[in-house]
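Everything below concerns the one structure shown next.
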Amino acid sequence: MTEVTVATAAPAPFTFDPAHTALVIIDMQRDFLLPGGFGETLGNDVGRLAQVVPRLAKLLAAARAAGMPIIHTREGHRPDLSDCPPAKLRRGAPSKRIGDPGAFGRILIRGEYGHDIIDELAPHAGEVVIDKPGKGAFYATELSDVLAAREITQLLVTGVTTEVCVHTTTREANDRGFDCLVVSDCCGSYFPDFHRVGIDMISAQGGIFGWVAESGAVIDALAAASVSP
Ligand code: C5J
């Protein structure tokens with residue numbers, strides 16, 4: 001496939017080579033998304049995150065069809081919590097903390113049902129899954145090495161939550177020299193205002209952290225490139 005241009009991206013058209021651009025799907029985990037799970041026990045409306053799922057599933061299908069590298073991330077910790085800084089543990093809501101028993105197993109602990117990715121977006125064989133202890137996908141993970149090995153220079157960033165893990169990862173990637181297109185309607189937040197402002201912040205000031213576009217524009221651009229001679 002040739003280069004693809006998302007003409008409606010803000011602040012300017014975004015051109016990428018699908019072979020060297022990864023679709024990054026941040027933390028679409030049961031603990032954050034499922035009714036009765038950790039996210040909901042913190043008082044959040046998980047329906048706001050669920051809205052993202054069908055759009056992200058469509059984008060994921062288009063990216064797979066285009067042969068793009070796919071990278072999933074999961075926020076979580078080792079069962080002994082040795083990779084969870086005490087400050088992060090302490091700062092949880094007093095009712096439910098990381099490692100406590102929850103409706104879907106111990107909260108945000110690797111290997112538990114709730115820690116894994118929702119069925120609708122389950123990784124296919126060969127797709128990369130990055131387990132991250134922090135909010136950013138680069139901190140204390142192998143992500144930099146994975147991207148370097150595959151000569152990936154640009155990222156399409158999606159997932160939850162917009163203002164926390166999507167933002168932190170986009171900022172980390174931007175500082176490491178990656179061009180990031182954040183796909184706005186494939187990101188979600190429990191807080192509509194945080195989502196809106198979080199998205200606006202990416203492309204402000206001439207694209208201070210990157211570019212922003214909607215998934216329809218990305219899918220159309222991929223489809224157009226696949227039929228061009
Ligand atoms: C949070 C995340 N919000 N994936 N995690 O704690 O954004």
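Indexing begins at 1, ligand by ligand and atom by atom, following the structure's order.
Residue Asp27 approaches ligand 1 through these ligand atoms, each under 4.0 Å from one of its heavy atoms: 2 (C), 4 (N). Within ligand 1, counting atoms from 1 as listed, the ones closer than 4.0 Å to a heavy atom of Val160 are 2 (C), 4 (N), 7 (O). For ligand 1, the atoms sitting less than 4.0 Å from at least one non-hydrogen atom of Cys165 are 2 (C), 4 (N), 5 (N), 7 (O), numbered in the order shown with element in parentheses. Interface atoms of ligand 1 facing Val164, defined by a heavy-atom separation under 4.0 Å, are 1 (C), 3 (N), 7 (O).
Classification of Arg30 and Glu112 as a salt-bridged pair fails, no side-chain N sitting under 4.0 Å from a carboxylate O. Between Glu75 and Lys88, at least one side-chain nitrogen of the basic residue sits less than 4.0 Å from a carboxylate oxygen of the acidic one, meeting the salt-bridge criterion.
Closest protein heavy atom to atom 5 (N) of ligand 1: Glu75 OE1, 2.9 Å.
Ligand 1 lies within reach of Lys135, whose nearest heavy atom is under 4.0 Å from it.
Residue contacts with ligand 1 for Thr161 involve both N, CA, C or O and side-chain atoms from C-beta outward (heavy atoms, distance under 4.0 Å). By the criterion of a heavy-atom distance under 4.0 Å, neither the backbone nor the side chain of Val166 is placed next to ligand 1.
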Given Ile70 and Val128, is the side chain to side chain contact (heavy atoms under 4.5 Å, CB included) satisfied, shown in steps?
CA-CA 6 Å; Ile70 313 291; Val128 174; over 6 Å; no
Could you check Thr5 against Thr15 for side chain to side chain donor-acceptor pair (under 3.5 Å), going step by step and ending with a plain yes or no?
CA-CA 4 Å; Thr5 297; Thr15 298; 2.9 Å; yes
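Between the side chain of Asp100 and the backbone N or O of Arg97 there is at least one donor-acceptor pair closer than 3.5 Å.
Remark: Lys96 NZ is packed, more than 12 non-hydrogen atoms of other residues, nucleotides or ligands lying under 6.0 Å away.
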